[in-house]
Amino acid sequence: MSSDGGKKQFWKRNVSKVPGSIQHVYGAQHPPLDPLLHTNLLKANSKPNSASMRAKKVTTFQEFESITSDAWDVGDDDDDLMAMATQNLNTDVVMETANKVIQIHSKLQEQKQQNKPMETSGEQLDDMEQADNSVENTVKSNSGSEFDTSTDLNHRETTLSQRQQSVSPTSPTLSAAGIADQNSSDGPLMSEREMTRLEKFRQLLAGPNTDLEELRKLSWSGIPRQVRPITWKLLSGYLPANVERRESTLQRKRTEYFAFIEQYYDSRNDEHHQDTYRQIAIDIPRMTPESLILQPKVREIFERILFIWAIRHPASGYVQGINDLVTPFFVVFVFEYIEGEVENFDVSSLPDEVLQNIEADSFWCMSKLLDGIQDNYTFAQPGIQRKVKALQELVSRIDEQVHKHLHQAEVEYLQFAFRWMNNLLMRELPLRCTIRLWDTYQSEPEGFSHFHLYVCAAFLIRWRKELLEEKDFQGLLILLQNLPTMHWGNEEISILLAEAYRLKYAFADAPNHYKR
């Protein structure tokens with residue numbers, strides 16, 4: 001990276017009013033750890049030491065609470081939260097504690113698969129108690145202490161490997177199409193906490209004017225399947241926050257989309273447009289999941305969506321990679337009308353009016369997404385070029401060993417990260433994981449354009465052990481293009497997002513934080 005002080009750093013987002021001060025960063029009030037998975041992290045019992053400090057801390061938490069509302073989503077006493085809110089957290093210890101809890105959970109899962117009794121042993125209970133107690137020590141720790149990124153990621157990699165081994169390849173929630181969702185109606189029954197969380201979404205969405213800021217906070221850790229369609233439409237900016245205006249907006253936008261089809265779609269075989277349409281027709285069968293994409297009705301819908309978007313955006317036109325971005329919206333909006341999974345569902349069995357609504361909604365939401373990253377698809381794709389270069393610089397700072405290993409093997413970041421940026425990791429992750437990832441992307445400011453960079457950095461470092469074991473160019477490239485994520489689920493995505501959030505938080509206003 002250039003040492004020119006006048007050159008704007010790619011992660012520099014805000015200008016601090018006071019040198020060295022910590023400015024407000026979106027999401028800092030609601031840590032990006034899924035409360036369903038990391039409940040133990042919130043059970044701290046530290047208390048203020050004096051009456052005078054207690055009064056000050058209560059005031060601090062009241063201010064904190066006023067801007068976070070129910071973002072913590074826990075049932076702990078207010079006193080515990082007051083103490084935690086006024087303390088600085090040591091990130092290293094927090095992540096170590098989280099990994100320890102996950103390891104214990106993985107051991108229990110392994111016991112279950114081996115048909116062993118699921119009764120928790122006294123030793124495991126002691127381990128859990130120690131994990132809870134370590135959070136209290138975390139609250140008392142100095143947030144200024146430095147942490148070793150490589151050690152932290154090594155520990156997390158080991159934990160994830162153990163958890164991957166504990167997942168059965170025939171698990172009903174890990175279907176071949178990769179669409180199964182933990183909140184699906186034919187999956188496991190929802191826990192009490194999941195039902196409470198769903199009720200909070202419904203209450204928030206039922207108001208006359210939905211508070212989009214609160215909706216983003218609640219959605220960061222994942223959106224229940226039952227309310228995901230309406231939530232995505234709101235977070236993408238497709239629907240207004242005012243409930244009374246939603247129906248009229250939907251009718252107007254759907255009518256507008258089909259007016260575009262009537263106006264433009266017949267021109268797909270014209271000399272000026274036939275190459276675009278031909279390329280779309282070639283790319284769609286290559287998409288996943290095949291069980292969905294190969295349905296003739298679905299292909300027709302995707303061809304119309306992509307062709308109309310290309311005609312209305314001549315600056316970029318159609319570019320390979322854009323076709324993948326339709327799928328998550330289409331699948332989520334189909335879920336609004338069916339109970340089971342879409343992988344074995346005949347989409348053509350839905351009424352024509354329903355299919356038209358799904359098609360129009362998918363078009364507009366995809367258009368909203370692409371509005372924020374269109375420079376990824378204009379001539380020479382400058383947006384992707386910048387992001388890949390930024391990823392290279394970021395990785396060189398957070399894990400120099402991995403960066404040097406790739407360089408010594410003559411592996412260029414553009415050779416593997418171009419696809420990560422072009423397809424938003426959709427070719428590297430199962431569709432169920434992409435949908436969960438997009439819950440957070442739509443909750444983050446500039447989620448698809450900026451936060452995605454940190455997710456890619458965390459994703460690369462996640463595989464540091466496997467990367468360092470490969471010694472040549474061919475082995476590294478084959479690994480990077482075929483990463484073993486087919487059994488990933490919400491837990492892995494939650495940890496990936498937490499690490500990405502940590503990187504973003506560290507770099508957001510501190511471009512020299514890791515400077516060598």
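Just so you know, these numbers come straight off a predicted model, no measurement behind them.
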*Run the numbers on Y413 and F416 for ring pair (Phe, Tyr, Trp, His ring centres under 6.0 Å), then give the verdict.*
CA-CA 6 Å; Y413 282 75; F416 63 89; 5.4 Å; yes
Hey, is [atom1] on [X] packed in by over 12 heavy atoms from elsewhere, all under 6.0 Å?
X: K368; atom1: NZ; answer: no
X: E199; atom1: CD; answer: yes
X: E192; atom1: CD; answer: no

Check: [X] side chain, [Y] main-chain N or O, donor-acceptor pair, under 3.5 Å:
X: S396; Y: E393; value: yes
X: W438; Y: P328; value: no
X: R432; Y: W488; value: yes
X: H313; Y: D371; value: no
X: Q415; Y: E412; value: yes
X: T378; Y: S316; value: no
X: R436; Y: E491; value: no
X: D211; Y: L204; value: no

Would you call [X] and [Y] a side-chain contact if the rule is heavy atoms closer than 4.5 Å?
X: W463; Y: L480; value: no
X: L460; Y: L467; value: yes
X: L234; Y: L205; value: yes
X: L391; Y: M421; value: yes
X: L306; Y: I322; value: yes
X: E359; Y: F302; value: no
X: F459; Y: T485; value: yes
X: W309; Y: L325; value: no

Measure across [X] and [Y] and return the closest heavy-atom pair with its distance rounded to 0.1 Å.
X: V227; Y: I223; result: CG2-CG2, 3.9 Å
X: P289; Y: L431; result: CD-CD2, 3.9 Å
X: G321; Y: N422; result: CA-ND2, 3.5 Å
X: I305; Y: V326; result: CD1-CG1, 3.9 Å

May I ask you to say whether [X] pairs ionically with [Y], meaning some side-chain N is under 4.0 Å from a carboxylate O?
X: E446; Y: K504; answer: no
X: E499; Y: R502; answer: yes
X: D283; Y: R286; answer: yes

Between atom [atom1] of [X] and atom [atom2] of [Y], what is the distance when rounded to the nearest 0.5 Å?
X: N376; Y: I384; atom1: CG; atom2: CD1; answer: 4.5 Å
X: C456; Y: K387; atom1: SG; atom2: NZ; answer: 10.0 Å
X: L198; Y: R225; atom1: CG; atom2: CZ; answer: 12.5 Å
X: K253; Y: L239; atom1: NZ; atom2: CG; answer: 10.5 Å

*Residue pair Y257, W364: steps toward the ring pair (Phe, Tyr, Trp, His ring centres under 6.0 Å) verdict*: CA-CA 8 Å; Y257 169 71; W364 287 115; 7.2 Å; no
Side chains of [X] and [Y]: is there a donor and an acceptor less than 3.5 Å apart?
X: Q226; Y: R202; result: no
X: N323; Y: Y318; result: yes
X: T210; Y: R246; result: yes
X: Y501; Y: E444; result: no

_K200 vs E214, salt bridge (Lys or Arg N to Asp or Glu O under 4.0 Å): CA-CA, chis, key distance, verdict_ = CA-CA 11 Å; K200 287 186 177 183; E214 289 300 318; over 6 Å; no
*asked:* For S219, run the side chain to side chain contact (heavy atoms under 4.5 Å, CB included) check against D439, T440, L235 and tell me which one passes.
replied: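 Answer after filtering D439, T440, L235: L235.
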*Between R228 and F335, is NZ or CZ placed under 6.0 angstrom from the six-membered ring centre and within 45° of the ring axis?*
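Pair R228/F335 does not count as cation-pi.
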